[in-house]
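Order of the sequence lines fixes the chain letters, A, B, ..., with proteins taken first and strands second; residue numbering starts at 1 for each chain.
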Amino acid sequence: MKQKIYRIIRTCILAVLIIPFITSCDNDKILEETPLDFLAPSNAYSSVAGMRQGISGILSFVRHDIMDVEGYPGGSTYFTWRRGQCSDIAYYGENPASALFPCNFATFFNTSNVLSLLCWEKNYKVVKFANALIDAIEKSEPDMWDNEAQKAAYKGEAMFFRAYAYRELVACFGAVPIIKEAIDTPKTDYTRDAVSDVYAFIETDLSYAAANLPVRGQEEEPGRITQGAAWHFLSEAYVADGKYQLAVDAATHVIDDYGYALMTSRFGSSNDVFGSGDVYTDLFAYGNQNLSENTEAIWVIQIEPLVEGGSSFPGERAFGCAYYRMGNTPDGFKAFRGDLYDGSYTGYSDTLGRPVAWDRPTWFASNAMWESDWNNDIRNAEHSIKRHFYYDSPESAYDGMEIDFSKYPADAGRDAIKDTTQYIYPYYMKAADPCNHFTDAVRAGGGYNHKDYYALRLAETYLLRAEAYIDLGETGKAADDINMVRERANAKPIAASQATIDYVLDERARELYGEEQRQITLRRTGKLIERIKKYNDNPYFPGLNAEDFNALLPIPQTQIDLNIDADFPQNPGY
Amino acid sequence: MKKNACFSREIFLGIQRVLNLMKLTIFLTLISVISVFAGTTYSQTEPANSENTYVAQQQKKISGKVIDNTGAPLPGVTIVLQGTTKGTITDIDGNYTFTEIPENAILQFSFIGMKTQEVAVGSKSTINITLAEDAIGIDEVVAIGYGTARRSDVTGSVASVDYDEKSLQSNINVLQALAGASAGINVGQTGEAGGDPSFSIRGKTSLSASDSPLIVLDGIIYNGSMADISTNDIKSVDILKDASAAAVYGSRSANGVVLITTKKGNSEKPTINFDMYYGYQDITNNSMEVMNADQYAVRLTDYYYQQSLYSWYKTGPTSSIGRPVQPDVTNRTVVASTLRSEEEKANYIAGNEIDWVDEVMQTAPIQNYNLSYSGRTDRTNYYISSSYSSQDGVLKNDDFSRVTVRSNIESQVTDWLKLGANTAYSYRDYSGLAADLNEAREASPLADNKFDSGDYDLYLTGESYMVNPLMNLYIDNSDIRNDLFMVGSAKIEVPFVKGLSFDINYSNTYNARSNFTFWPTKTVSGSSNNGQGRKDHIEERDWIQNNIANYMRTFGDHNITATLLYSREHSQQNSSRLEASGFENQALGYNGMGFGTLSTVSTTENGGTWEQDGISYMGRASYSYKSRYFVTGTIRRDGYSGFGSNNKFANFPSVSLGWVLSDEPFLKGKNFPYLKLRTSYGVNGNQGLGRYKSFSTMNTSSYIYGSTTSIGVYPSDALGNNDLKWEKTTSFNLGLDFAFFNQRISGSIDAYNANTNDVLVQRTLPASSGYETVYENIGKLNNKGLELMLNTVNIRQNDLKWTSNLTFSINRNKIKTLYGGSNDYDIGNEWFVGESISANYDYEMAGGVWTEEELYQGKTLDSWYPGQFKYVDQNGDGVISPDSDRKVVNYEDPNFRFSINNSVSYKQFTLNVLFNAIVGGNDYYMMNNSGVLNTDYVADTVYRVNNSAVRPYWTPENGVTNATGIYNTPAVTSGIYQSRGFLRLQDISLSYKFKDSVLERLKMNSMQVYVSGKNLYTWTNWDGWDPEVGVSNIPLMRNITVGLKLSL
């Protein structure tokens, strides 16, 4: 009996000890994985608020990775290149022989150059973002939306960005793969779709967007895309695609239908630090881009200082001359004392900021193109293009005098190229925000300011329609459109006979220097190489050694190497 | 989250956890009590240690002396009453006294490195023993994972490192002691104060996942940092290298397993040990050089000169007529005119210069103190220790200090129940950001050092590429890491089933890191943000529950051991980052984050919040016959939350065989005292990538509408994959343990061949997909290698003893499959089927640079000019192009590794010298060192920053052929590869042990003083800070320390 009890106790103890080895459990539940701190595509776009975040994400990416410069190698190259550096209007001023910028096409544009890579990667990421959003919108529950129009508006906005990315891809690379759907498995058999197919794709996207986006003033918040922007880029796609009448019609929608108008009198806040100003400088004054009275803005990239989501713009850095590096006065004192900060002089002027001289205008852009209206065109006024610089050196006899390199003794060791391409040159102030810096107090804002900037403004639409009219042979109407822009600038109107593609490109340079995506404009008009050879006077590489095949960029080598399941031909010449 | 997962299981585990925690707490409370009483008990019983006290118990007292075969007394020999935990150790003269011994008792005498002997007491009252040396330590107990085994019974490939032998080296990190300690163990070097060296075992079994071995600390899988463990607390480290040995850890064992065992109390008399060393460190002898003021200045003149030269070359000259002439670089005014700032001009004319590398470096102190208190009573052994270490790096402001506390207690509560609690706490302080050596290399030697002066320059000479190398010293940083590791264990020997026991252990690791930083306006980010502050908090908690059943039984010649395991583990982390900028008042630094006008919070930085779970079952059975034939089989089944739903579980089986040849009649008695053959075959896994990697994730990026922030969301760069699973390595190991010539020569040879399937490949995708990468289990790899360990006793005399240890290892790996095809390659990653993982794919140097003569004669290839490297035109089309002219030029992996350790003892002196080497040759162990060997010519950095002066750049005048010109725009560029092979005098120590006579007078157990050096000299052809750190700008440190060890 006793034995039996002991045996039972033993068995019980053993059983308890063995439990862990035999208990079965719902292992699947234990091993189920649930994200805790991140969103996955499955749950990110599950509400209208999520869709809005999707749009904000694309806008943020477009602002930072396509339009801004910071944070990745080659960023400054991409930024300045898109704005016309190394085209007909500018070259790299800090070192015109640099290998970091396309100063010499013969060596820069190999198949692994950073511009091709960034242009390709960044735009295809926007395509991916747009496709993910479009996919989510199409699969969304109908009752998620307030109404059908809201759903269509969001879809239109996503399609707008997809087209926006293809706009640059097709202009820069020609035939490129069209990706219509969200990708969820690896794919390595891409092929190049014909240029006409790409334009057709862009036109479909933008037509949908133009029909379904909100009209001007009805957008949910400032900086969102409206019908006007879609019509403009649709017009541009039609011009490039040879559909000139459709282009005129699309541009006319922008000009006539939404209450846009060129600004003709002073408005908003003024930043007249050089003693004078005008409506053109008001367009670029801090805070004026988003104003409802600003009827010229079509799409404004949003910037705000020192706020989450705010960012900054390297306007001074890119377009200004690096005056503070010029060294001494002719009598041997530091040429620029700078501003007083925290008890000592910084060496930088808050008025001029801290430029790096990325974009040195060509002679054409700094002088030749202004000659006909040198004194009357407000865009060429001293407060718009600063051409005179003065010593700021109290100990020197030259203090307050205009900088003049001819005053230096022969043995001062001055380098004429650096003096005129890097230190002192005509400075387009529209990109700068004099005396108005919120960050980097020690270095005059570090070259960054916090103005919103125009991705699109009505003046460009006029010039685009002018181009379409010229293509249609209607030069009179073209001259009218060009004169709309010139009139506002107080420049002399032109006659119909003067309205040529080249004149439009000249006028674009005058009106949109540093604003428009000059590389796209020149490539789609077929004028890039011709005008580089004609106007780019880089002192080391006049004409930048550009060749006709440079009209298209080389496809990034990695795209070709990694696309292992299909042949991906390189553009000719590379 | 998993509320309903398994109710009964959770309750059961919950109860166990509570019980374990209670035990743990009780033991922690008892620690102090026991330790205090252990001491007093001993001192109380000592005077009573006379015969009359024990007569009543009718048990006897035994005494005697233990000597080795040279007649020298052996102190510290453990004597255990067989079948009990009672024991004692010999004193410094080898004498021992053992009381309360029944007549039928058997005494077991054991000592590391000696053969264990058993003696029946019988009627003897004096037992003198001569212990024989056991060069191969076959009776040594080694950890094998979820248990221990005698070395002689082990059939897998297990390397053991005795940390006592390493105690004279100045190792702050546990891993440092493993460098060169055993074959097949690859420990790197670190130049950071308190840094973790890189560590791997055998070859690389993965392309994308980690190759870090699994660390097991006191039987528990350890996810913490090795830097948390004080070297002094470690008794031994066992390394499981082959499949069968590691298979008990299944899914995480493909990279090998390291079992760390901490110390226990082992003498009845409480012992206090005190160790300390103090010394200084600087960088290893192999430093690199940057341009001095003259070179720096002339470089610019040459840059502009060569620029015009190239323009001229491009006109296609046929003779030197019209060639631009080099300006007169001996004329300081001419040279000064090309300098980029007035400050530099003035300094150049005045002849001032500064060596920025010197400015950021320092000779730094290193020190370590350790105090431990240990001992054992009848039923309890205890080890309590505390240490303080501090190390400054060779870069200014690279500071590290650490405090550790450990308490290991084990108690035999009843004859069937043993409880243990190991608790360790560590506090590490990495505060301060090191001065930047990279910036120092690039800083102008003609700039003024205005650090800490009124006109301090954030950017030297106003050049934004030239950040002040000392800037980091302005950054206020506090980086504190706390780690608490606890294991509670219970061992139940089931009284009614002989040989059956249960081990239940539960561990809990908690570590927290607070990293606070403030960048004032004097720093780059502080300047552009008007002051920037950041507070990072990271908190991780892991628990593991192991239930182990062991069965061990001997039936005559048959020996059976079986182990069953059920294990559950869970880890979780949460982290947050608070950031603020735009400070209106910076006086409070990071403590005044509220003064920032812009604050952001991130919950994803530093790993964010995550949790992961694992479930494991393991069974192991061993059988041996006559201790001559051995067989062991293991199977482990692992489940892990981090993989796709179809692949949550996987099985990892293995089998191994052992055969002691020397016990066979046909060999016995011949000149083969010991010979054992081992072989194993099995599967190991690598879970590598970790949690959430199967998901596609979204990134956030904020935008603003007017002044309203919106947190944008878009798909990240990595594409998800729901089919992710373990990488599986199937390996075969053949080993031989041997000893001959009276055990004067012993060692082992291991050969292995391992195939890894389902290798996770982070595949780079064509950019048109918008995604950059995806992980897929598509690759296959092969590793094979050979390892040799040789121990010799060269001289063994009374006063003089000389022993040597040699290790040698060689490994070759090969990619067998990448994306499925037989000839796949991935140029971006430099992976090619049929080639080593470490292949370098590049242009092949054809020797030298193009010369002007060749240009004039039209012999240069199109668009190639003098002063540019010549490359082999592989397809002979006259163009050097990326598509057709690159090939696998060499490999980054070492050719082979070896180390030689020599230990010579003469009387009280011992000299220990360890040489360690990684050998290149045959295109192995090559690395692209162009950053050091060639003046930068690609980027604008050539004229914005200072450059390396290791090789002069080419000029038409100087005839240099191993470097390019300074102005240079080659159509293609390649790396400049250099062998990193080296031989290093890694550790050397000379110690003196005080004589017994002195110790007696000092009332001490032992005392030893020593001087020791680390990395004192390195022989290499590598140009750089150190061959082992490669191209990183963190030089390796060497040091000399003096130390003291004493025991009471």
Chemist: With respect to chain B, which residue among A:Glu121, A:Gln557, A:Gln289, A:Arg224 yields the maximal number of heavy-atom pairs within a distance under 4.5 Å?
Modeler: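 Max contact count across the listed options: A:Arg224.
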Chemist: Backbone N or O of B:Arg691 within a donor-acceptor pair of the A:Glu33 side chain at under 3.5 Å?
Modeler: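 No.
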Chemist: For the OG atom of B:Ser768 and the CZ atom of A:Phe173, what is their distance to the nearest 0.5 Å?
Modeler: 11.5 Å
Chemist: Within the side chain of A:Ser60, is there an N or O that forms a donor-acceptor pair under 3.5 Å with the backbone of B:Ser702?
Modeler: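 Flag set: sc A:Ser60 to bb B:Ser702 pair under 3.5 Å.
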Chemist: Would you mind telling me which of B:Asn699, B:Asn529, B:Asp717 has the largest number of heavy-atom pairs within less than 4.5 Å of chain A?
Modeler: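 Result: the option with the highest number of such pairs is B:Asp717.
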Chemist: Is any side-chain heavy atom of B:Ile704 closer than 4.5 Å to a side-chain heavy atom of A:Val307?
Modeler: yes
Chemist: With a 4.5 angstrom heavy-atom cut-off, could you sort out which part of A:Phe568 is near chain B: side chain, backbone, both or neither?
Modeler: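 Contact with chain B: none, neither part.
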Chemist: Side chain from CB out, backbone as N, CA, C, O: work out which of these in B:Ser863 comes under 4.5 Å of a heavy atom of chain A, or both, or neither.
Modeler: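 Nothing of B:Ser863, per the 4.5 Å heavy-atom cut-off to chain A.
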Chemist: Side chain, backbone, both or neither: which part of A:Ile55 has a heavy atom under 4.5 Å from chain B?
Modeler: both
Chemist: Among B:Ser464, B:Ala336, B:Gly720, which residue forms the greatest number of heavy-atom pairs with chain A at distances under 4.5 Å?
Modeler: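 The residue among B:Ser464, B:Ala336, B:Gly720 with the greatest pair count is B:Ser464.
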Chemist: Under a 4.5 Å heavy-atom cutoff, which of A:Ile179, A:Asn563, A:Asn328 has the most pairs with chain B?
Modeler: A:Asn328
Chemist: Would you mind checking which part of A:Ala40 comes under 4.5 Å of any heavy atom in chain B, side chain (CB onward), backbone (N, CA, C, O), both or neither?
Modeler: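 A:Ala40 touches chain B through backbone and side-chain heavy atoms alike.
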Chemist: Give, as side chain, backbone, both or neither, the part of A:Ala132 having an atom under 4.5 angstrom from any heavy atom of chain B.
Modeler: side chain
Chemist: Which region of A:Arg354, side chain (C-beta onward) or backbone (N, CA, C, O), has a non-hydrogen atom less than 4.5 Å from a non-hydrogen atom of chain B, or is it both or neither?
Modeler: side chain
Chemist: Pick one of side chain, backbone, both or neither for B:Thr697, based on which atoms fall under 4.5 Å of a heavy atom in chain A.
Modeler: both
Chemist: Looking at B:Gly608, B:Ser701, B:Ser881, which one has more heavy-atom pairs under 4.5 Å with chain A than the rest?
Modeler: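 If we count pairs closer than 4.5 Å to chain A, B:Ser701 comes out on top.
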Chemist: Using non-hydrogen atoms only, which part of B:Asn574 is less than 4.5 Å away from chain A: side chain, backbone, both, or neither?
Modeler: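 For B:Asn574, there is no contact with chain A at all, as no heavy atom is under 4.5 Å.
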Chemist: A:Thr107 versus chain B, heavy atoms under 4.5 Å apart: side chain, backbone, both or neither?
Modeler: side chain
Chemist: Could you go through the side-chain contact (heavy atoms from CB on, under 4.5 Å) check for B:Val972 and A:Asn110 one step at a time?
Modeler: CA-CA 9 Å; B:Val972 299; A:Asn110 57 32; over 6 Å; no
Chemist: Using every non-hydrogen atom in the two residues, find where B:Glu776 and A:Pro186 come nearest and quote the distance to one decimal.
Modeler: OE1-CG, 3.8 Å
Chemist: Check whether any side-chain heavy atom of B:Glu463 sits under 4.5 Å from a side-chain heavy atom of A:Arg325, and report yes or no.
Modeler: yes
Chemist: Do the non-hydrogen side-chain atoms of A:Lys128 and B:Leu719 ever get within less than 4.5 Å of each other?
Modeler: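 Counting from C-beta outward, A:Lys128 and B:Leu719 never come under 4.5 Å.
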Chemist: Is there side-chain contact between B:Gln572 and A:Leu36, with at least one heavy-atom pair below 4.5 Å?
Modeler: no
Chemist: Using a 4.5 angstrom heavy-atom cutoff, name the option from A:Arg443, A:Glu220, A:Arg414 with the most pairs to chain B.
Modeler: A:Arg443
Chemist: Let me check something: any side-chain donor-acceptor pairs from residues 707-715 of chain B under 3.5 Å, sequence neighbours excluded? List them with distances.
Modeler:
from: B:Thr709; atom 1: OG1; to: A:Glu308; atom 2: O; distance (Å): 2.7
from: B:Ser710; atom 1: OG; to: A:Ser56; atom 2: OG; distance (Å): 2.6

Chemist: Going by heavy atoms in the side chains, are B:Phe649 and A:Leu31 under 4.5 Å from each other?
Modeler: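 They are in contact (side-chain heavy atoms under 4.5 Å apart), so the answer is yes.
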Chemist: Measure distances from B:Lys522 to the heavy atoms of chain A and classify the residue's part below 4.5 Å as side chain, backbone, both or neither.
Modeler: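 Looking at B:Lys522, nothing touches chain A.
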Chemist: Quick check on the interface: out of B:Thr700, B:Leu598, B:Thr603, who has the most heavy-atom pairs with chain A under 4.5 Å?
Modeler: B:Leu598
Chemist: Give the member of A:Val300, A:Leu117, A:Leu39 that has the highest number of heavy-atom pairs under 4.5 Å with chain B.
Modeler: A:Leu39
Chemist: I'd like to check B:Ser769 versus A:Tyr190 (side-chain heavy atoms, cut-off strictly below 4.5 Å). Are they in contact?
Modeler: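 With C-beta onward as the side chain, the pair touches.
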Chemist: Looking only at non-hydrogen atoms, find the nearest pair between A:Asp37 and B:Gly607 and report the distance.
Modeler: OD2-O, 3.9 Å
Chemist: Answer yes or no: is there a side-chain heavy-atom contact under 4.5 Å between B:Lys314 and A:Asn104?
Modeler: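 With C-beta onward as the side chain, the pair touches.
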Chemist: Would you call A:Lys125 and B:Glu772 a salt bridge, taking side-chain N to carboxylate O under 4.0 Å as the test?
Modeler: yes
Chemist: Non-hydrogen atoms of chain A under 4.5 Å away: do they reach the side chain of B:Glu343, the backbone, both or neither?
Modeler: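 It is neither, since no heavy atom gets under 4.5 Å.
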Chemist: Chain A heavy atoms under 4.5 Å from B:Tyr771: which part of the residue, side chain, backbone, both or neither?
Modeler: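 Both parts, heavy atoms under 4.5 Å.
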Chemist: Evaluate the criterion side-chain contact (heavy atoms from CB on, under 4.5 Å) for residue pair B:Leu458 and A:Val442; output intermediate values, then yes/no.
Modeler: CA-CA 9 Å; B:Leu458 172 52; A:Val442 192; over 6 Å; no
Chemist: Check whether A:Phe108 gets within reach of chain B through its side chain, its backbone, both or neither, counting any heavy atom under 4.5 Å.
Modeler: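 Answer is neither: A:Phe108 stays 4.5 Å or more from chain B.
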Chemist: Side chain, backbone, both or neither: which part of A:Ile417 has an atom under 4.5 Å from a heavy atom of chain B?
Modeler: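 Neither part.
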Chemist: For A:Tyr345, is it the side chain, the backbone, both or neither that has a heavy atom under 4.5 Å from a heavy atom of chain B?
Modeler: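 Neither part.
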Chemist: Which residue out of B:Asn721, B:Thr764, B:Thr333, B:Val774 racks up the most heavy-atom pairs below 4.5 Å with chain A?
Modeler: B:Thr764
Chemist: Can you check whether A:Glu219 reaches B:Tyr705 side chain to side chain, under 4.5 Å on heavy atoms?
Modeler: no
Chemist: With a 4.5 angstrom heavy-atom cut-off, is it the side chain or the backbone of A:Ile183 that approaches chain B, or both, or neither?
Modeler: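 Contact with chain B involves both backbone and side-chain atoms of A:Ile183.
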Chemist: Under a 4.5 Å heavy-atom cut-off, does chain A meet the side chain of B:Arg763, its backbone, both or neither?
Modeler: side chain
Chemist: For B:Phe695, is it the side chain, the backbone, both, or neither that has a heavy atom closer than 4.5 Å to a heavy atom of chain A?
Modeler: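 Contact with chain A: side chain only.
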Chemist: What part of B:Ser694 lies closer than 4.5 angstrom to a heavy atom of chain A: side chain, backbone, both or neither?
Modeler: side chain
Chemist: For chain A, which candidate among B:Tyr703, B:Tyr825, B:Tyr967 shows the most heavy-atom pairs at distances under 4.5 Å?
Modeler: B:Tyr703
Chemist: Looking at A:Arg52, A:Lys187, A:Lys334, A:His437, which has the largest count of heavy-atom pairs under 4.5 Å with chain B?
Modeler: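 The option with the most such pairs is A:Arg52.
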